[in-house]
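Order of listing sets the numbers, starting from 1, for every ligand and every atom in it.
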Amino acid sequence: MTTFPRLTDTERQEVLPALGNTGWRAIEDRDALRKILKFRNFSEAWGFMSRVALSAEKLNHHPEWSNVYNVVDITLTTHASDGLTELDLRLARIIDRLADAAEVQTDHSGPVECLCKLHHGSA
Ligand SMILES: C[C@H](O)[C@H](O)[C@H]1CNC2=NC(N)=NC(=O)C2=N1
């Protein structure tokens, strides 16, 4: 099994702004992305989660997430690498594609630029 390296500073500067634009935010004190999506109802939220789950299985990369009624709160990080890797970017883009009908909440965490330097943790 390949362990992906954490994203470099240059890679972060290249890719994070676009993810910031689609509503991904930085979690304080973690090298992780967070997005909170609000659907019209539970059925749409669960349908979205089912579709993401199938993609996550294919990618063998899984979100940390929770669901309350119509809200899905998603955190992405690579546990094996202890931080953000290419796999998180791939899953984030899949999630963005599958979630286009949802309302995005963006006022819960710091701007994604907080993750532009690889300074979290020691890995
Ligand atoms: C054995 C299996 O490949 C690993 O446990 C995978 C599964 N899904 C995963 N998902 C995430 N987010 N991080 C991982 O390190 C990870 N590892």
K.L.:
For the 3.5 Å polar cut-off, considering only N or O atoms, please tell me whether His79 and ligand 1 meet it.
P.N.:
yes
K.L.:
Can you list the ligand 1 atoms lying under 4.0 Å from a non-hydrogen atom of Ala80?
P.N.:
14 (C), 15 (O)
K.L.:
List the closest protein heavy-atom neighbour of atom 1 (C) of ligand 1: residue, atom name, distance to the nearest 0.1 Å.
P.N.:
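Checked against all protein heavy atoms, atom 1 (C) of ligand 1 sits closest to Met1 SD, 4.0 Å.
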K.L.:
If we only count heavy atoms from C-beta on, is the Phe4 to His61 side-chain gap below 4.5 Å?
P.N.:
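No; the side chains remain at least 4.5 Å from each other.
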K.L.:
Which atoms of ligand 1 are found less than 4.0 Å from any heavy atom of Thr77?
P.N.:
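What qualifies from ligand 1 is 11 (C), 12 (N), 13 (N).
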K.L.:
N/O of Thr78 under 3.5 Å from N/O of ligand 1, yes or no?
P.N.:
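No.
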K.L.:
Considering only protein heavy atoms, which is closest to atom 17 (N) of ligand 1, and at what distance to one decimal place?
P.N.:
Asn60 O, 4.6 Å
K.L.:
Does atom 3 (O) of ligand 1 have a protein non-hydrogen atom under 4.0 Å from it?
P.N.:
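Under 4.0 Å from atom 3 (O) of ligand 1, at least one protein heavy atom found.
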K.L.:
How long is the span from the CG atom in Asp31 to the NZ atom in Lys117, to the nearest 0.5 Å?
P.N.:
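One gets 13.5 Å once the value is rounded to the nearest 0.5 Å.
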K.L.:
Can you tell me the protein heavy atom closest to atom 8 (N) of ligand 1 and the distance?
P.N.:
His62 ND1, 2.8 Å
K.L.:
Are Leu115 and Trp24 side-chain neighbours, meaning at least one heavy-atom pair lies under 4.5 Å?
P.N.:
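Sidechains of Trp24 and Leu115: no contact.
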K.L.:
Is it the case that one hydrophobic cluster holds both Leu87 and Leu98, taking links as side-chain heavy atoms less than 4.5 Å apart, direct or via other members?
P.N.:
yes
K.L.:
Indicate yes or no for a side-chain donor-acceptor contact from Lys35 to the backbone of Thr22 under 3.5 Å, with no hydrogens or angles considered.
P.N.:
yes
K.L.:
Assigning hydrophobic clusters by single linkage (Ile, Leu, Val, Met, Phe, Trp, Tyr; side-chain heavy-atom cutoff under 4.5 Å), is Val112 placed with Trp65?
P.N.:
yes
